[in-house]
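In what follows, every heavy atom counts, from backbone to side chain, and hydrogens, waters and symmetry copies are set aside.
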Amino acid sequence: MRTWLQRRFVQLRNGQSARGEKRPWGSIALFLSPALVLYCSFTLYPVFMTFFNSVHKLDMAQNMARTFVGLKNYHELLTTDLILKHALRNSITWAFVAPLFDVGLGFLFALILYHRPPFARFFRTAWFVPILISWVVIGVLFRWVYNYDWGPVVMFFRAIGLDFLAVNYLGTVIRVDPNSWTRFLPTLLFIPALWMMYRWTRSRRRSILGGSLILSLLAALMLRFPSDVVNVPLYSLIAVTTWKFIGFNMVIFLAAMSSMPEELLDAAKIDGANTFQLLIHIIVPLLRMVIVNLFILSWIGKMVQFALVWVTTRGGPVHYTETIATYVQKRAFEWRTLDLGYPSALAVLWFLVVFVGALVFTRMFKADDPIEY
Amino acid sequence: MHISRQLLRRISRYLLLLFLFGYTFIELGPFLWAILMSFRNTNDILQNPYGLPIPLEFRNYIKALTEFGFARYFRNSVIVTGAALLISTPIASMAAYSFARKRYKFRLREVVFQIIFITIMFPPQITLLSLFVMLWRYKMLNLIGLSLIYASTALPISIYILRSFYMQIPQELEDAARIDGASDWQTFWRVMFPIARPATATVIVLNFINFWNEFLYAVTMILKDEMRTMPLGVMKIMGDQFTDYGGLAATLVISVVPVIVLYVFLSEWFIEGMTAGALKG
């Protein structure tokens, strides 16, 4: 604990009131108040209002009249809502599967470009383009790309004679034979996979590679979770998000790689490490924080996926590509319920999941003994 | 032996290049395809979707801008993006400056900054419905309301990027300005803000892309056709002109042209702007 005198000394050293000046409150208010006003009225206040609305019925037909309903919305949400189950499954699957591909492939391409093949600059610039384009444009484009009659993907598979792969990518859900034993495989393997994840979080080293391998296993199992169907539309949309984000992640990895300390890499090479060992023992640990940050960034992005689904499938067929964001939108403005309380409760629930999830991930993947360089 | 190894190496090099170009084709192919289609009429497209635009057709573009009313959507997008940038950039700069410099330190400053910054992790749904109710109450479900929302969503990341830049400006500069008799505001506006121009440009690029492409808030807040921004316009035209592939392709091309043209000339700025938030932290 510091005494008053010590604090005063620190203040003086920092030059805060060295000439006997008061803290410039007027200027602080001048600089800060516009941002605070905007932030409080357009972010903080709405957040509180959403919490407030979630325990009310908010009737759009009756001039937004509020009636208190207590926890009824939450109760209904957690017990009777069947569409929520679809939406939850899809959003969570998306959020765990897509980042692995986004970050993994981004890393791979960054490694290739790090070794400076010819045209490296051109590739870097070209692959970055999709991130600049709006989801709506990409949605329309991929409706054509996945078009069943003349889309390039289907045409390609027909041309090389793999007709069973030429399906309607945004509309077909393939039923699995209900008697097939493979149906139960995901559920059975899920528990050991979760156990592995738990062991990994308890282990001291928490190698990023092991963590991502276990996450991949979990993600692969999740993909098969509505175990009675193969959810082709969801996979197709996941592929689109990955297509969009690879270039972005690649650029960030490339920037991080170019600032890796050369001495460390050279030292490892002199010690006789081959390319693979170099990758596992030097490059991946060095880029740990970048990997974790990109993973979380991608994870959050997928948890709130909206525009792509809205433009391409609107959550269909049935609810096989419904996400939480599209469900909120439908419940609020499309259905005839005209009630904003229920979707608010949904938003609150999702807010807690995303927020807590992001914090947990940050803690989980943070190294106990980060490499300093 | 020696020669064959060299040959193998060369072959693998070419294979790698082939793979990289193939991947580039996957990334850019859909856009090129849309550009090709936008210069052909729809009957031709239906006969062969992959043909070249041999008799070059500009009718689609004229149709998109007049018949589909896309010119108006374009104008709306320019208004909203411009207004939001004009609001958010100075506000974020001022806040970032006062968060960064020692002189303006007060007790809970870091806490306030952290609270603002943590908002980037919030899913937009948590504010979306309340914002709708709020704007509806005050009759602001229009382009002004939308620009204000955009400006506020841009604050956390803008303040974060700008703050880390303002923190790096040496104290001597600020002191020199003050000794010359500059007030706090003059120090900021005449000295610090011009120095921070690179970071400001980064933030403007990032926000420009986000505002220009934003969809969720726009689709919720904009209810009238004449106020649609470009993503909403594309969506509407997709619904109305479902089978007019040529016209639809032309609208897509028009909507991405501003971004792509800027990107071609300022690609490094764009790459830096878009990745600025993700690289640190």
Side-chain angles (χ1 to χ4, degrees), chain A residues 14-16 23-24 27-28 30-32 34-35 38-39 42-43 46-47 49-50 53 64 117-118 123 125-137 140-141 145 150 243 247-248 251-252 255 293-294 297 300 303-304 306-307 311 325 328 332 340 343-344 347-348 350-351 354-355 358, chain B residues 16-17 20 24 27-28 30-31 34 49 91-92 94-95 97-98 102-106 116 119 121-131 133-134 136 148-149 151-152 155 159 184-185 188 209 212-213 215-216 220 231 234-235 238 248 252 255-256 259 263 267 270-271 274-275 278-279 281:
Chain A
N14 290 348
Q16 272 167 355
R23 208 168 278 147
S27 306
I28 293 175
L30 169 74
F31 287 132
L32 217 48
L38 193 64
Y39 178 78
F42 281 84
T43 305
V47 170
M49 278 320 280
T50 306
N53 288 340
M64 302 282 180
F123 290 133
T125 314
W127 297 347
F128 197 74
V129 169
I131 204 75
L132 304 166
I133 310 296
S134 84
W135 280 117
V136 181
V137 171
V140 177
L141 283 177
V145 169
W150 43 266
W243 171 86
F248 177 76
V251 166
I252 290 171
N293 280 346
L294 285 181
L297 207 68
I300 294 177
M303 289 293 262
V304 300
F306 173 73
V311 176
V328 168
L340 287 184
S344 296
V348 168
W350 201 236
F351 164 74
V354 172
F355 197 61
Chain B
L16 179 72
L17 264 188
L20 292 179
T24 310
E27 286 284 321
L28 297 185
F31 300 113
I91 289 183
M94 277 152 59
Y97 175 65
S98 68
K102 232 180 257 162
R103 184 174 156 78
Y104 306 110
K105 194 165 171 51
F106 55 94
I116 293 181
T119 328
M121 288 209 280
F122 288 10
Q125 278 74 28
I126 194 70
T127 54
L128 184 73
L129 302 177
S130 305
L131 279 173
V133 175
M134 193 170 113
W136 176 84
L148 283 173
I149 293 178
S152 79
L155 277 188
I159 292 180
D184 283 288
W185 173 253
F188 168 67
I209 295 290
W212 190 258
N213 293 337
F215 182 66
L216 177 63
T220 312
V234 171
M235 179 103 176
M238 182 189 78
L248 194 45
L252 295 188
S255 80
V256 300
V259 173
Y263 181 66
S267 58
F270 270 68
I271 291 177
M274 294 295 285
T275 56
L279 196 54

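Heavy-atom pairs under 4.5 Å with chain B were tallied for A/I131, A/T125, A/V328, A/L30; the largest tally goes to A/T125. Comparing B/L216, B/L148, B/L20, B/V259 by how many heavy-atom pairs each has under 4.5 Å with chain A, the most go to B/L20. If you tally non-hydrogen atom pairs under 4.5 Å between each of B/L128, B/L155, B/L16 and chain A, the highest count goes to B/L155. Listed options B/L28, B/T220, B/I116 were ranked by heavy-atom pairs under 4.5 angstrom with chain A; first place goes to B/I116. Looking only at heavy-atom pairs under 4.5 Å with chain A, the residue among B/A95, B/S267, B/P123 that has the most is B/P123. With chain A as the partner, the residue from B/L129, B/L17, B/I126 showing the most heavy-atom pairs under 4.5 Å is B/I126.
Both the backbone and the side chain of A/A307 come within less than 4.5 Å of a heavy atom in chain B. The parts of B/L248 that come within reach of chain A are both its backbone and its side chain, each placing non-hydrogen atoms under 4.5 angstrom from that chain. Both the backbone and the side chain of A/V311 have a heavy atom closer than 4.5 Å to some heavy atom of chain B. Heavy-atom distances place both the backbone and the side chain of B/M235 under 4.5 Å from chain A. Within the 4.5 angstrom heavy-atom criterion, only side-chain atoms of A/I300, from C-beta onward, approach chain B. Only the side chain of B/W136 comes within contact range of chain A, with at least one heavy atom under 4.5 Å from a heavy atom of that chain. For chain B, the nearby part of A/F306 is the side chain; its heavy atoms alone come within less than 4.5 Å. Contact annotation for A/V47: both backbone and side-chain heavy atoms come within less than 4.5 Å of a heavy atom of chain B. Looking at A/V145, the atoms closer than 4.5 Å to chain B (heavy atoms on both sides) sit in the backbone and in the side chain alike. Both the backbone and the side chain of B/P30 come within less than 4.5 Å of a heavy atom of chain A. Interface residue B/Y104: backbone and side-chain heavy atoms are both found under 4.5 Å from chain A. In this structure, the portions of A/M64 lying under 4.5 Å from any heavy atom of chain B include both its backbone and its side chain. Within the 4.5 angstrom heavy-atom criterion, atoms from both the backbone and the side chain of B/T127 approach chain A.
Remark: B/S130 pairs with A/P46, A/M49, A/T50, A/N53 by the side chain to side chain contact (heavy atoms under 4.5 Å, CB included) rule, at least two apart or across chains.
Between B/F270 and A/F128, the distance separating the two ring centers is not shorter than 6.0 angstrom.
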For A/Y39 and B/T119, what are the C-alpha separation, side-chain angles and deciding distance, and is it a side chain to side chain donor-acceptor pair (under 3.5 Å)? CA-CA 10 Å; A/Y39 178 78; B/T119 328; 3.0 Å; yes
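Residues B/W212 and A/S134 bring no donor and acceptor atom of their side chains to less than 3.5 Å of each other.
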